[in-house]
Amino acid sequence: MKIQVTKQAAAKFLSGYPLVQEEDIQKLPADFPKDWVEFADSSGRFIAYGYLAKQNKGIGWLLSWKEAITAAFFEGIFQEAKEARQSFSYDDNTSAYRLINGEGDGLGGLTVDRYNEFAVFSWYNETIYAYREIIVDSFREVFGEIDGAYEKIRFSGKGLPESQHLFGKEAKEPLLVTENGVTYATYLNEGLMTGIFLDQKEVRSELINGYAVGESVLNMFSYTGAFSVAAAMGGSSETTSVDLAKRSYGKTTEQFEVNQLPLESQRIVVMDVFEYFKYAKRKELTYDCIVLDPPSFARNKKKVFTVAKNYGELIEQSIDILSDKGSIIASTNAANISLGRFKKIVIEALEAKNVSYKIDKIYQLPADFKVNPQFPEGSYLKVLFLSVEK
Ligand code: SAH
């Protein structure tokens, strides 16, 4: 099927921009075809092959500006992605990392992560999922060393589970992976999440290398406590992990245990972070280093948390329970907030609290989470390391 795009859209697509928006299409088909389509300009001249699909962002992706989309095309993408990650494959200290980062590797709609000899596929829409067989076969041609895989269905697929086994061997539960020499317990077939967010490896690495050595660390929105484990490995004197999900208690305990870290100096609290701020103030608790890593959007009881509206509040509350000379690691994965805007939100809150501060470091996505230079909005992660003096 040929899909004609507007003049404006033709210009950006010809220069390599991969994401299709509704307003780019001249005449939107009533139902999106489950086939590859040919995008063309208003005079019918070919631009690229790709597909249409309902998904979180946009309505489709351009994939190939030259050759048709065949097994050979996918093998080419996978081969190139593999070469780009050679340094990871040779690193004995890290066994979990991203192999395919969607549009960053030229394949909008699919990510693949490696966990030891296993792969986890995440499908973001129904159209790409319809090509699952040819894609998985091509993947296996290139990544022969992967001998088992799971898949996550990240679109509302009728009758499909969130997670299931895809091929080959089944992984142990937990599956112990390593990252910069630290062990993490992961579960490859438990809902959409595995126990570790691989995009935060450089932040964990800073902590392992002693960013908070000798310090007390408060890890807010701690999930399985990965930042706390990294901090404890890096010599932090004590850690407190706060998350409102009940699962976080057992999951976090397990992460410490698999690293033989003594639990006496680690506190794990199942609580809303805003309640914990109040509790800590009442008890006059203070922390040398506070890590903030909220979800980009969350609803708890009556409160809705968004980065634009509430991140400043998190910073201000943190200042109240920070040591006189402390640090804050402020992270967000909200794609709709640019680095500049995020800095502004954080700095305004620091200024409102009248503290002096310095941005020590800024991290964005690590190299395995490859970003398409034509699609900078794919670079969603922003992490500020701040020294603060009250
Ligand atoms: N920092 C973690 C990932 C955080 S994921 C890591 O690096 O592994 C976001 C977490 O925030 C989830 O575990 C969720 O349960 C938790 N969460 C969401 N809203 C919360 C709230 N109001 N208080 C405490 N935890 C919250």
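All ligand and atom numbering here is 1-based and tracks the order in the structure.
Under a 3.5 Å cut-off, the side chain of S323 and the backbone N or O of Y287 do form a donor-acceptor pair.
Comparing L244, V270, N333 by heavy-atom distance to atom 24 (C) of ligand 1, the nearest is L244. When the options F274, Y276, F221, Y223 are ranked by their closest heavy atom to atom 19 (N) of ligand 1, first place goes to F221.
The aromatic rings of F143 and F139 sit parallel to each other, their planes meeting at less than 30°, with 60° as the upper class boundary. A tilted orientation is assigned to the rings of Y223 and F197, their planes being inclined by 30° to 60°. The aromatic rings of F46 and Y49 lie tilted to each other, with the angle between the two planes from 30° to 60°. Taking the six-membered ring where the residue is Trp, F121 and F167 present perpendicular rings, their angle passing 60° and hence far from 30°. Under the 30°/60° scheme for interplanar angles, the aromatic rings of W123 and Y129 are found to stand perpendicular.
Using a 4.0 Å cut-off to heavy atoms of R247, the atoms of ligand 1 that qualify are 12 (C), 13 (O), 15 (O). Residue-ligand proximity, A245 to ligand 1, at heavy-atom distances under 4.0 Å covers atoms 15 (O). Ligand 1 places these atoms under 4.0 Å from at least one heavy atom of P295: 9 (C), 11 (O), 18 (C). For ligand 1 and F227, the ligand atoms under 4.0 Å from any heavy atom of the residue are 1 (N), 7 (O).
Taking the ring axis of Y363 as reference, the NZ or CZ atom of K382 does not stay both within 45° of it and closer than 6.0 Å to the ring centre.
Residue contacts with ligand 1, taken as heavy atom pairs separated by less than 4.0 Å, do not involve K303 at all.
Using a 4.0 Å cut-off between charged side-chain N and carboxylate O, D105 and R85 make a salt bridge. Salt-bridge check for E254 with K251: failed, with every basic side-chain N at 4.0 Å or more from each acidic carboxylate O.
When only interatomic distances are considered, the shortest N/O to N/O separation between A226 and ligand 1 does not fall below 3.5 Å. Among the atoms of N219, none of the N or O lies under 3.5 angstrom from an N or O of ligand 1. Residue-to-ligand polar distances place D243 within reach of ligand 1: an N/O pair is separated by less than 3.5 Å. Annotation: D293 places an N or O atom under 3.5 Å from an N or O atom of ligand 1; distance criterion only. Close N/O approach between V273 and ligand 1 is found [any backbone or side-chain N/O within under 3.5 Å].
When hydrogens are left out, the protein atom nearest atom 5 (S) of ligand 1 is F197 CE1, 3.8 Å; that is the closest non-hydrogen contact.
Between Y357 and V346 the shortest side-chain heavy-atom distance does not fall below 4.5 Å.
Remark: distances from the non-hydrogen atoms of T224 to ligand 1 are all 4.0 Å or more. Judged by the shortest distance from any of its heavy atoms, R204 lies outside the 4.0 Å radius around the atoms of ligand 1.
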